[in-house]
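Taking it in order: structure first as structure tokens, then the write-up.
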Protein chains: 2
Amino acid sequence: MPVNPEELREIPAFRDLPVGQVQSVAALMVRRHFAPGQIIFVEGEKSGSLWFVFEGHVRIIKESSNGRLQGLCLMTRGKCFGGCPLFDLDNNPATAQALDSAILFVLPGGAVEHLRQHNPDLVKALLHIYSQRLGHLARVSEVLGSWSVSERINDCLLTYARHPARQQSVVELTHEKLAALSGTVREVVTRHLNLLERQGIIRIESGHIVILNADALLPPCAWERQQSAV
Amino acid sequence: MPVNPEELREIPAFRDLPVGQVQSVAALMVRRHFAPGQIIFVEGEKSGSLWFVFEGHVRIIKESSNGRLQGLCLMTRGKCFGGCPLFDLDNNPATAQALDSAILFVLPGGAVEHLRQHNPDLVKALLHIYSQRLGHLARVSEVLGSWSVSERINDCLLTYARHPARQQSVVELTHEKLAALSGTVREVVTRHLNLLERQGIIRIESGHIVILNADALLPPCAWERQQSAV
DNA sequence: CTGAGGATGTGACTTAAATCACGTCATACG
DNA sequence: CGTATGACGTGATTTAAGTCACATCCTCAG
């Protein structure tokens, strides 16, 4: 299933590229659909393709020996993931899973290598993407290393909030998923959310959480938001 | 102070490059010395230079609001760090500090940009370095997210061991520094090391730790070693 | 309407690990 | 020599957060 160049332009990495180049990239890509819960690639695989989210949500996770899994990142429309094994890295360092019905554009590993040699602009885009990921993962490392669980949950709420109307943020994740993303367990999330509600910082409604006072969720240090990983 | 092309070839990233290219890169580099404890760059700075360790040790750390600092990585001879802000990332995501008297080769940000456009082979080397870092940071995220403190200390012992003679591994770090690298506090390191000694897994001597049974330190899941970050 | 299954609430308990508050032991240095 | 000074050892205490065990509620298919 081919990828339409007009659609491809909706991905930020390709927005500023000349039309001709976008077309040549689109010709190398494949459109793929994933069902909710479906695994896109698993940690340890060698697949070096680059994936772009056109519709839906994809989460990047690592699961460890003890069975617990740690969410690294949630990818939304326009984000890019994968591609780590492209340049001699042995294999994918994490697993990617579709959270809902998702449409992804795939740029196969071979095509990336081809573009690398023939298209310097794209290389810059690629380096940009990798740099962003490094920043994000460095941040994750800090968050995991020295923030408390409550701070991590707050951070997740802010990071994964959607903004349907102005002045209105809602989070549409189950407690279970929030727990996975913030590296804790469901019960702790439940308790902390209830605490936040009693403090008037959020409102819990059926199936979603409304953020009333985003500033109160901010960690001690102010942070520039950034998004992207693995 | 210029960099000698012969010396530059000792850095793995440049080992496989044609002599001519190594020379042109060496011409763009600067040799710099750092004293023990000296800061090379701090988190938040915009400097986009690439740093290569020629001699000595450099640690990459993040320090967070509560004052605790989390070591991400220890860079040894031949490793490369820095360069994150090169491609539109706002600033360095972590701090770099020389641990001992160190000699580094610097490739200024402008030179990297110049090489990117004129030298596709170097771009591949760059992407390789970035990929490695992504893998490493993803691993750090897992370690911090779902390993116990004892496992993290064990991991540090293995990661930062030196091998002066065959069949002999020693770690020359104070408990304090081990604590920083494994994201805990000194007392916990002390207790855990004593426990390991009682189990005959290590021997503690004045100023260093001898690893007697490396296998016993391995975490539940076997791991390929890799080294590099930010 | 009704039962099943998922998502959520909550109390009681356990535990890893941080914190506090010391004491000890080197080595360094006037 | 004595005495600083930093590195190390260790008990007692506290606390955050994970675990267990249920109760409750919502929603949706049949």
Side-chain angles (χ1 to χ4, degrees), chain A residues 36-37 63-71 99-100 143-157 160 170-199 202-210 219-220, chain B residues 36-37 63-71 99-100 143-157 160 170-199 202-210 219-220:
Chain A
E63 61 190 312
S64 51
S65 41
N66 66 25
R68 257 251 289 302
L69 47 80
Q70 170 66 51
L99 280 182
D100 41 25
V143 169
L144 288 175
S146 46
W147 290 18
S148 73
V149 167
S150 334
E151 287 169 322
R152 298 211 302 264
I153 298 173
N154 289 349
D155 187 61
C156 273
L157 288 176
Y160 299 124
V170 299
V171 180
E172 284 169 322
L173 293 167
T174 78
H175 295 190
E176 196 76 54
K177 281 173 184 161
L178 266 175
L181 286 166
S182 53
T184 181
V185 293
R186 185 190 59 81
E187 294 94 317
V188 175
V189 170
T190 299
R191 276 191 250 266
H192 185 246
L193 288 182
N194 287 332
L195 179 65
L196 288 180
E197 183 167 41
R198 277 198 293 282
Q199 295 174 344
I202 63 172
R203 188 155 24 97
I204 299 175
E205 297 176 2
S206 77
H208 61 276
I209 299 155
V210 184
Chain B
E63 60 190 312
S64 51
S65 40
N66 66 25
R68 255 252 289 300
L69 48 82
Q70 170 66 51
L99 280 183
D100 40 26
V143 169
L144 289 175
S146 45
W147 291 17
S148 73
V149 168
S150 335
E151 288 169 322
R152 298 211 302 264
I153 297 173
N154 289 349
D155 188 61
C156 273
L157 288 176
Y160 299 124
V170 299
V171 180
E172 284 170 323
L173 292 168
T174 78
H175 295 190
E176 196 77 53
K177 280 176 184 158
L178 266 175
L181 286 166
S182 53
T184 180
V185 293
R186 183 190 59 81
E187 293 95 317
V188 175
V189 171
T190 299
R191 277 190 251 266
H192 185 247
L193 287 183
N194 287 333
L195 179 66
L196 288 180
E197 184 167 40
R198 278 196 293 281
Q199 296 173 343
I202 63 172
R203 187 153 27 94
I204 299 175
E205 298 177 1
S206 79
H208 60 276
I209 300 155
V210 184

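Every value quoted in this text rests on a predicted model; they were computed, and no experiment measured them. Order of the sequence lines fixes the chain letters, A, B, ..., with proteins taken first and strands second; residue numbering starts at 1 for each chain.
Here the P atom of nucleotide D:dA17 and the CZ atom of A:R152 are 7 Å apart, to the nearest Å. At whole-Å resolution of the value, CG in B:N194 and C1' in D:dT10 are 9 Å apart. Taking atom CG on A:L195 and atom P on D:dA16, their separation rounds to 12 Å, with Å as the unit. The nearest whole Å value for the distance from the NE2 atom in A:H192 to the P atom in C:dT8 is 16 Å. One interatomic measurement links the two molecules: CG of B:L196 to C1' of D:dG9, which rounds to 15 Å at whole-angstrom precision. Rounded to whole Å, the distance from CD1 on A:I204 to C1' on D:dC26 is 15 Å. We find that NE2 of A:H175 is positioned 11 Å from P of C:dA7, with the value rounded to whole Å. At whole-Å resolution of the value, CZ in A:R191 and C1' in D:dA16 are 12 Å apart.
Within the structure, a side-chain polar atom (N or O) of A:T184 is placed less than 4.0 Å from OP1 or OP2 of D:dG18.
Interatomic distance, OG of A:S150 versus CG of A:L193, reported as 11.0 Å (0.5 Å rounding).
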Margin query: Please determine whether side-chain contact (heavy atoms from CB on, under 4.5 Å) holds for the pair B:R152 and B:V149, giving the CA-CA distance in whole Å, both sets of side-chain angles, and the decisive distance to 0.1 Å.
Written below: CA-CA 5 Å; B:R152 298 211 302 264; B:V149 168; 3.8 Å; yes
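If you check C:dA7, D:dG9, D:dG18 against the side chain of A:V188, the one that comes closest is D:dG18. Residue A:T190 has its side chain nearest to C:dT10 when only C:dT10, C:dA18, D:dA17 are considered. Checked against C:dA18, D:dC8, C:dT19, the side chain of B:R186 finds its nearest nucleotide in D:dC8.
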Side chains of residues 173-183 of chain A: which donor-acceptor pairs under 3.5 Å do they make with residues two or more places apart or in other chains?
residue: A:T174; atom: OG1; partner: A:E176; partner atom: N; Å: 3.3
residue: A:T174; atom: OG1; partner: A:K177; partner atom: N; Å: 3.1
residue: A:H175; atom: ND1; partner: A:T190; partner atom: OG1; Å: 3.0
residue: A:S182; atom: OG; partner: A:L178; partner atom: O; Å: 2.8

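Each of A:S206 and A:E187 was matched to the nucleotide of DNA chain D holding its nearest heavy atom; the match closer to the 5' end belongs to A:E187.
A:H208 approaches A:E172 most closely through the heavy-atom pair CB-CG, 3.7 Å.
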